[in-house]
Amino acid sequence: MSVHSSSYTNGISINEQDRYRALVTATSDVIYTMSPDWSVMQQLNGGTFLSSSGEPINNWMDKYLHPIDQEMVRDAIADAIKTKSMFKLEHRVLRADGGTGWAFSRAIPILNQQGEVTEWFGAVNDVTSRKEMEVELKVARFEAEHQRRLTEVVTSNTPDLVYMFDLNYRFTFANPALLQMWGKTWDEAIGRNLLENGYEDWHAEMHEREIDHVVATKRAIRGEVAFPHAVFGRRVYDYIFSPVFNAEGEVEAIAGTTRDISEIKENEQRKNDFISMVSHELKTPLTSVISYVQVAKKRMNQLEDKMAADMLERANKQLGKMTRMINGFLNVSRLESGRIQIDRQTFSLAELVTELQDEVLATVSSHSIKFNCIENIFVNADREKIAQVFNNLISNATKYSPVNSNIEVSCFGDNESAVVAVKDNGMGISEADLPRLFERYYRVKDAELNHISGFGIGLYLCAEIINLHGGQIWAESEPGAGSAFYFTLPAVTM
Ligand code: ADP
């Protein structure tokens, strides 16, 4: 084998030098030549990247190489010299502008006819921006990995179910608690939708509708669902689906968390059963006390003992108050167990208001109450329960506003719905309390309110009744500026 042909693999023959040099010079940012043992840099044409040097120099390493990478370069050179093969390395350099840059450097040995290295011909490409991007990418990957590990720790150690859906209702993440509940591995469950993961039709459909809703409204949704568990029996779950937004603000996924609230529910049930039982037990003696008081009052009237009759009348009023409270509790427990019935009939709201007006004006003298219900709107609803809602709102308006102040009850509406408003000029409600007023047992915590008795169930019952009718209920208020309570009912065209 001739020297010439063998030099093709390890070095480059004299005949090929010119062509090679021309090609490399055209495609590189820097060209340099080195003595056979690399101790002297013959010359370097640095372009805009490195400062050029026309003279042979010995200390080229310190001039051009970043101190951190010098040893690595030295090793690679020793290797190239030993094998007479191409030197090829990415390393940091000291740039002409004084900064640090990244160089991709190659050098090939130039051989004479005898196969001896006469010099090394090198070329450098400035790969600084690519390297910087690589570093950024590395940092980003590290961050992502770090984030992933954090998420894993958080989601692995909670008994709550944590998961993620894509927009096609497929699970893209499920934490160990959820996988364990399904009795599936990650690979079995991920990429599959609800049905494929064993959810029943109704359940899968319900969640798919909710996912659509989250995507359309871009808002989180919260729900409660009960279903039988293979091992633990019937369980109740509280869940939240939240939108995950992309950079453009569009929903790209849905994140979900589910908590088993079966025990909380059981405790609640026990409490409700207790309240219901106590209320029932109190009702029987109360009913007989009321009838005794009424008979006694009649008797005192006949005997013309006005003072005793008056006192019995007051006792009667207080007993009425107690009855209303007890009925409130009984209604709450009926509602909770789904035993409240809505007996619908079509009636005129204006007529109902007129009746209520007579009743209220006869019994309430502490406030000036105006009724304003001219339009004759018909609704298909439970007349008694709607009357109860009116009474609750009017009673609250009197409870939470100063004596002699004005209260206004009005109704208006169109073909679609009837709107009722009860406005007072009382103490008002803070922004923080407004959304919570309709929760069961919720009362505003305020020194002023301490002496006003109540259990926080009136508005809860109102809201439940209105919701059962497909209407809405809300309050508008500011502290000190009075309150307005509104509710709507679907209207019936006659
Ligand atoms: P209760 O009046 O028995 O406490 P409700 O459920 O009727 O229970 O009302 C809940 C809370 O809402 C009340 O405790 C009160 O703080 C507040 N509230 C209700 N109506 C009004 C009103 N008209 N003005 C100011 N606060 C009100």
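First listed ligand is number 1; within each ligand, the first listed atom is number 1. These numbers come from the heavy atoms of this one structure, side chains and all, not from hydrogens, waters or symmetry mates.
- Remark: ligand 1 and Y460 share no N or O pair separated by less than 3.5 Å (distance only, no angle test).
- Taking the centre of each ring, F173 and F171 stay at or above the 6.0 Å mark.
- For the pair E134 and K131, the salt-bridge criterion is met [side-chain N within less than 4.0 Å of a carboxylate O].
- Contact annotation: for I452 versus ligand 1, there are no heavy atoms closer than 4.0 Å.
- With N316 contributing its side chain and L312 its backbone, the two residues share no donor-acceptor pair below 3.5 Å.
- Those atoms of ligand 1 with a heavy atom of I457 less than 4.0 angstrom away are 6 (O), 8 (O).
- The distance criterion of under 3.5 Å between nitrogen or oxygen atoms is met by K399 with respect to ligand 1.
- Of the N or O atoms in N396, one or more lie within a sub-3.5 Å distance of an N or O in ligand 1.
- From N404, atom CG reaches atom OG of S365 across 9.0 Å, with rounding to the nearest 0.5 Å.
- In the vicinity of R443, heavy-atom distances shorter than 4.0 Å reach the ligand 1 atoms 1 (P), 4 (O), 14 (O).
- Exactly one of R234, R235, K265 qualifies for a salt bridge (charged side-chain N to carboxylate O under 4.0 Å, His left out) with D260. That residue is R235.
- Taking the six-membered ring where the residue is Trp, the centroids of F241 and H213 are separated by 6.0 Å or more.
- The ring of F227 has its center closer than 6.0 angstrom to the ring center of H203.
- At a heavy-atom cutoff of 4.0 Å, ligand 1 is contacted by the backbone of F455 but not by its side chain.
- Considering both main-chain and side-chain atoms, V444 comes within under 3.5 Å of ligand 1 through a nitrogen or oxygen pair.
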Going by atom type alone, with no hydrogens or angles, which donor-acceptor pairs under 3.5 Å involve a side-chain atom of residues 478-492 and a protein atom two or more places apart or on another chain?
unit_1: S483; atom_1: OG; unit_2: S477; atom_2: OG; d: 3.2
unit_1: T488; atom_1: OG1; unit_2: Q472; atom_2: N; d: 2.9

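- Using cut-offs of 30° and 60° on the angle between ring planes, the pair F142 and H146 is parallel.
- Under a 3.5 Å cut-off, the side chain of S405 and the backbone N or O of S401 do not form any donor-acceptor pair.
- Counting heavy atoms closer than 4.0 Å to ligand 1, residue I429 contributes side-chain atoms (C-beta onward) but none from N, CA, C or O.
- When each atom of ligand 1 is checked for a heavy atom of L459 under 4.0 Å away, the hits are 5 (P), 6 (O), 7 (O), 9 (O), 10 (C), 12 (O), 19 (C).
- Between G428 and ligand 1, not a single N/O pair is under 3.5 Å apart.
- The closest approach between any non-hydrogen atom of F438 and ligand 1 is not below 4.0 Å.
- Note on ligand 1: G456 sits in its first shell, one or more heavy atoms being nearer than 4.0 Å.
- Close N/O approach between G458 and ligand 1 is found [any backbone or side-chain N/O within under 3.5 Å].
- For ligand 1, the atoms lying closer than 4.0 Å to a non-hydrogen atom of Y442 are 10 (C), 11 (C).
- For atom 17 (C) of ligand 1, the candidate residues are L437, I394, I407; the nearest heavy-atom contact is made by L437.
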